[in-house]
Asker: 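Sharing a structure below in structure tokens format, with a few things to ask.
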Amino acid sequence: MDLNSVRIEINEIDKEIVACIEKRFNLAVEIGKYKKENNLPVYDEVREKKVIENCIGYLNNKNYASHIEDIYMQIMNSSKKLQL
């Protein structure tokens, strides 16, 4: 293993992750507008549980489940802030 090569690969993955999160946040803003227009609450417990369940389901290595849950809780908390 070449540490520098692995770090370069991680940097590329981080670039992709940030682009995807940015797209997700843009969509969260759109959802926030819809919720405001329709007097809907920002927080949807059922939806958040389903998102986490889905994301854990996408994992090949279920040992990472609690970490994915932590990450997605933070992403959803940030998304809710964008919707306010």
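Just so it is clear, the values below take in all heavy atoms, side chains as well, and ignore hydrogens, waters and symmetry mates.
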Asker: With sequence neighbours excluded, what pairs up with S66 under the side-chain hydrogen bond (donor to acceptor under 3.5 Å, both in side chains) test?
Answerer: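 With sequence neighbours excluded, S66 shows a side-chain hydrogen bond (donor to acceptor under 3.5 Å, both in side chains) to no residue whatsoever.
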Asker: Under the rule for salt bridge (Lys or Arg N to Asp or Glu O under 4.0 Å), what residues qualify as partners of E16, not counting sequence neighbours?
Answerer: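 By the salt bridge (Lys or Arg N to Asp or Glu O under 4.0 Å) rule, E16 matches no residue at all.
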Asker: Sequence neighbours excluded and cut-off under 3.5 Å, please list the side-chain donor-acceptor pairs for residues 37-48, or say none.
Answerer:
residue : atom : partner : partner atom : Å
N38     : ND2  : Y34     : O            : 2.8
D44     : OD1  : V46     : N            : 3.3
D44     : OD1  : R47     : N            : 3.2
E45     : OE2  : K49     : NZ           : 3.1
E48     : OE2  : K80     : NZ           : 3.0

Asker: Count I, L, V, M, F, W, Y as connected when their side-chain heavy atoms are under 4.5 Å apart, and connections chain through other members. Are Y64 and I52 then in the same cluster?
Answerer: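 As far as the 4.5 Å side-chain criterion goes, I52 and Y64 are connected within one cluster.
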Asker: With hydrophobic residues grouped by side-chain heavy-atom distances under 4.5 Å, do F25 and V29 end up in a single group?
Answerer: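 Same cluster.
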Asker: Taking salt bridge (Lys or Arg N to Asp or Glu O under 4.0 Å) as the definition, give me every residue that meets it alongside K15, ordered by chain and number, with sequence neighbours left out.
Answerer: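 In terms of salt bridge (Lys or Arg N to Asp or Glu O under 4.0 Å), with neighbours along the sequence ignored, K15 is linked to E12.
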Asker: Would the distance check show the side chain of Q83 and the main-chain N or O of A28 forming a donor-acceptor pair, the cut-off being under 3.5 Å?
Answerer: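 Yes; at least one donor-acceptor contact below 3.5 Å.
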Asker: Applying salt bridge (Lys or Arg N to Asp or Glu O under 4.0 Å), name anything that partners E53, two or more places apart in sequence or on another chain.
Answerer: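 Only K50 meet the salt bridge (Lys or Arg N to Asp or Glu O under 4.0 Å) criterion with E53.
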Asker: Side-chain heavy atoms under 4.5 Å apart, restricted to Ile/Leu/Val/Met/Phe/Trp/Tyr: what other residues fall into the cluster of M1, or is it alone?
Answerer: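 Other cluster members: V6, I10.
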Asker: Could I get the full list of salt bridge (Lys or Arg N to Asp or Glu O under 4.0 Å) partners for K33, not counting sequence neighbours?
Answerer: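 In terms of salt bridge (Lys or Arg N to Asp or Glu O under 4.0 Å), with neighbours along the sequence ignored, K33 is linked to E30.
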Asker: Identify, with sequence neighbours excluded, every residue that meets side-chain contact (heavy atoms from CB on, under 4.5 Å) alongside I68.
Answerer: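 So I68 forms a side-chain contact (heavy atoms from CB on, under 4.5 Å) with C55, I56, L59, Y72.
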Asker: In terms of hydrophobic clustering (I, L, V, M, F, W, Y; side-chain heavy atoms under 4.5 Å; direct or indirect links), are I8 and I17 co-clustered?
Answerer: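 As far as the 4.5 Å side-chain criterion goes, I17 and I8 are not connected within one cluster.
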Asker: How far does CD1 of I71 sit from CD1 of I21, to the nearest 0.5 angstrom?
Answerer: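 Output value for this atom pair is 8.5 Å.
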Asker: By side-chain hydrogen bond (donor to acceptor under 3.5 Å, both in side chains), which residues pair with Q74, not counting sequence neighbours?
Answerer: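 side-chain hydrogen bond (donor to acceptor under 3.5 Å, both in side chains) check on Q74 returns S78.
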Asker: List the residues meeting side-chain hydrogen bond (donor to acceptor under 3.5 Å, both in side chains) with N63, not counting sequence neighbours, and say none if there are none.
Answerer: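 With sequence neighbours excluded, N63 shows a side-chain hydrogen bond (donor to acceptor under 3.5 Å, both in side chains) to N61, given in chain and number order.
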Asker: Could you give all pairs that pass the salt bridge (charged side-chain N to carboxylate O under 4.0 Å, His left out) test and reach residues 55-75, with sequence neighbours left out?
Answerer: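 Matches after skipping sequence neighbours: none remain.
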Asker: Checking one residue: L3. Which other hydrophobic residues are in its cluster under the side-chain 4.5 Å linking rule?
Answerer: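 Under the 4.5 Å side-chain rule, L3 groups with nothing.
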Asker: Within this structure, what is the SG-CD distance for the pair C20 and E22, rounded to the nearest 0.5 Å?
Answerer: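 Interatomic distance, C20 SG to E22 CD, rounded to 0.5 Å: 10.5 Å.
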